[in-house]
Amino acid sequence: MASSQCCANPPSLNPVYGKGHVAEDFGGLKAYITGSPEYKLAIILASDVFGFEAPNLRYLADKVSASGFYVVVPDFLHGDPITPEIAKNSRDEWLKKHGTDKAFEEAKPIIEALKNIGISAIGAAGFCWGAKVVVELAKYDYITAAVLLHPSRVTHDDIGDVKCPISILGAETDHITPPEMIKQFGEILSSKPEVDSHVKIFPGVVHGWSLRYDVKDKTAAEKAEEAHKDMLNWFVKYIK
């Protein structure tokens with residue numbers, strides 16, 4: 001994750017934002033939870049490097065829950081999201097401390113906790129850093145469907161190993177996973193007829209557009225909403 005795009009437009013974090021609640025321990029992690037387990041269908045949202053207290057992420061979680069999903073946003077960063085100072089001076093050290101491989105392992109007990117409360121189907125979406133966590137889950141039978149939004153550190157081999165329906169939403173201006181790479185992901189998935197897939201490149205947006213947008217900017221908000229709609233449509237189609 002060499003580009004500064006991953007750390008651009010940092011949100012003003014808010015630990016009490018959202019219609020849901022924060023559970024101190026859900027599957028071993030603190031998590032923002034919204035919706036009812038009575039829905040029997042769940043979505044896990046894996047944040048970018050700014051973590052689970054980002055208002056736009058919680059807004060999205062609430063929106064997903066309103067469509068009939070129990071939504072869990074785990075604190076995979078353990079209360080230590082990246083800050084502008086860390087991004088400038090010690091980003092590599094921060095990334096070593098917060099490996100996506102560790103988050104992948106931590107996601108397994110969360111999935112088990114969901115099953116233990118009666119959830120019958122689980123989807124997962126990941127943003128930037130979180131997309132790497134989700135693509136790892138998609139290689140096994142942990143989830144029923146996946147969505148990657150402006151992914152970071154996802155490789156061709158990762159995509160080749162995906163086993164569940166996956167949607168990849170990329171940005172026209174992205175130095176981390178540029179459109180050419182997104183298209184290559186699509187080619188790999190096209191060679192796997194057993195895996196339903198959807199790949200889309202959004203024109204006029206930059207890496208991070210689906211979460212780190214200014215809500216007062218109508219155009220930016222509309223482009224983010226389009227990505228949210230695509231994500232939700234994918235889950236409605238496959239998480240049943």
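What's counted below: heavy atoms across the whole structure, side chains too, no hydrogens, waters or symmetry copies.
Note on V134: it clusters hydrophobically with I182, by side-chain heavy-atom contacts below 4.5 Å among ILVMFWY residues. Using a 4.5 Å cut-off between side-chain heavy atoms of Ile, Leu, Val, Met, Phe, Trp and Tyr, with links allowed through other members, Y238 and I122 fall into different hydrophobic clusters. Tracing side-chain contacts under 4.5 Å through hydrophobic residues (I, L, V, M, F, W, Y), one never reaches I44 starting from F127; they form parts of separate clusters. Note: the hydrophobic cluster containing L41 does not contain Y70 (ILVMFWY, side chain heavy atoms under 4.5 Å, direct or indirect links). By the criterion of side-chain heavy atoms lying less than 4.5 angstrom apart, applied directly or through intervening Ile, Leu, Val, Met, Phe, Trp or Tyr residues, I201 is grouped together with L148 in one hydrophobic cluster.
Rounding to the nearest 0.5 Å places OG1 of T34 at 12.5 Å from CD1 of I43. Between the CD1 atom in I176 and the SG atom in C128 there is a gap of 5.5 Å [rounded to 0.5 Å]. The distance from the OG atom of S191 to the CD1 atom of I159 is 11.0 Å, given to the nearest 0.5 Å. Separating the CZ atom in F52 from the CZ atom in F76 is a distance of 11.5 Å, to the nearest 0.5 Å. Distance check: I82 CD1 to D48 CG gives 10.0 Å after rounding to the nearest 0.5 Å. The NE2 atom of H198 sits 9.0 Å away from atom CG of N233, with the distance rounded to the nearest 0.5 Å.
Taking a 6.0 Å sphere around CD of E38, one finds it holds 12 or fewer heavy atoms contributed by other residues, nucleotides or ligands. Summarising the local packing, CD of E85 is surrounded by 12 or fewer heavy atoms from other residues, nucleotides or ligands at distances under 6.0 Å.
Between E136 and K139 there is a salt bridge, with a side-chain nitrogen of the basic residue lying less than 4.0 Å from a carboxylate oxygen of the acidic one. Salt bridge K163/D141: absent, no basic N to carboxylate O contact under 4.0 Å. Under a 4.0 Å N-O distance rule, the pair K63/E225 qualifies as a salt bridge. Of the charged side-chain nitrogens involved, none lies within less than 4.0 Å of a carboxylate oxygen, so that D25 and K30 do not count as a salt-bridged pair. For K132 and D158, the salt-bridge test passes: some basic side-chain N is under 4.0 Å from an acidic carboxylate O.
Aromatic ring pairs are classed by plane angle as parallel below 30°, tilted from 30° to 60° and perpendicular above 60°; the pair H156 and F185 is perpendicular. Classified by interplanar angle (parallel below 30°, tilted 30° to 60°, perpendicular above 60°), the ring pair H228/Y213 is tilted.
Minimum interatomic distance between D174 and H207 (heavy atoms only, all atoms of both residues): OD2-ND1, 2.9 Å. The nearest pair of heavy atoms linking A103 to W129 is CB-CH2, 3.6 Å. The minimum heavy-atom distance linking A61 with V73 is given by the pair CB-CG2, 3.8 Å. Listed here is the closest heavy atom pair of G35 and Y39: CA-CE1, 4.0 Å. Of all heavy-atom pairs spanning P151 and I168, the tightest one is CG-CG2, 4.4 Å. For L57 against S47, the heavy-atom pair with the smallest separation is CD2-CB, 3.5 Å.
S120 contributes a side-chain N or O that, together with a main-chain N or O of K40, makes up a donor-acceptor pair within less than 3.5 Å. Remark: side-chain polar atoms of W209 are not paired, donor with acceptor, to backbone N or O of G204 under 3.5 angstrom. Between the W94 side chain and the V49 main chain, no donor and acceptor come within less than 3.5 Å of each other. Side chain of R58 to main chain of K19: no donor-acceptor pair is present (N/O by atom type, distance under 3.5 Å, no hydrogens or angles). Checking side-chain atoms of T100 against main-chain N and O of V133 turns up no donor-acceptor pair under 3.5 Å. Panel note: side chain K192, backbone V162; a donor-acceptor pair is recorded below 3.5 Å. The closest donor-acceptor contact from the side chain of N14 to the backbone of E53 lies at 3.5 Å or more, if one exists at all.
V135 has its side chain out of reach of D161: every pair of non-hydrogen atoms, C-beta onward, lies at least 4.5 Å apart. Within the 4.5 Å cutoff, no side-chain heavy atoms of M231 are placed close to those of S167. Counting only heavy atoms from C-beta outward, the side chains of C164 and V195 never approach each other to under 4.5 Å. Looking at heavy atoms from C-beta onward, L95 lies in side-chain contact with R153 at the 4.5 angstrom threshold.
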Mind listing the side-chain donor-acceptor pairs of residues 106-114 below 3.5 Å, one per line with the distance, residues two or more places apart or on another chain?
{"residue": "E106", "atom": "OE1", "partner": "H78", "partner atom": "NE2", "Å": "3.3"}
{"residue": "E106", "atom": "OE2", "partner": "H78", "partner atom": "NE2", "Å": "2.8"}
{"residue": "K108", "atom": "NZ", "partner": "E105", "partner atom": "OE1", "Å": "3.0"}
{"residue": "K108", "atom": "NZ", "partner": "E105", "partner atom": "OE2", "Å": "3.2"}

Side chain to side chain contact (heavy atoms under 4.5 Å, CB included), that's the test. Do V215 and Y59 meet it? Break it down for me.
CA-CA 11 Å; V215 295; Y59 162 75; over 6 Å; no

Go through the steps for V22 and I33 under the test side chain to side chain contact (heavy atoms under 4.5 Å, CB included), then give the verdict. CA-CA 6 Å; V22 174; I33 298 176; over 6 Å; no

Go through V154 and S152 one step at a time and tell me if the side chain to side chain contact (heavy atoms under 4.5 Å, CB included) criterion holds. CA-CA 5 Å; V154 174; S152 174; over 6 Å; no

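Note that K200 lies in the cation-pi zone of F202, set by a 6.0 Å cut-off to the ring centre and a 45° limit from the axis. A cation-pi arrangement, defined by a distance under 6.0 Å to the six-membered ring centre and an angle within 45 degrees of its axis, is absent between R212 and F50.
Side-chain polar atoms of Y32 and D62 form a donor-acceptor pair below 3.5 angstrom. For the residue pair S210 and H150, a side-chain donor N or O sits within less than 3.5 Å of a side-chain acceptor on the partner.
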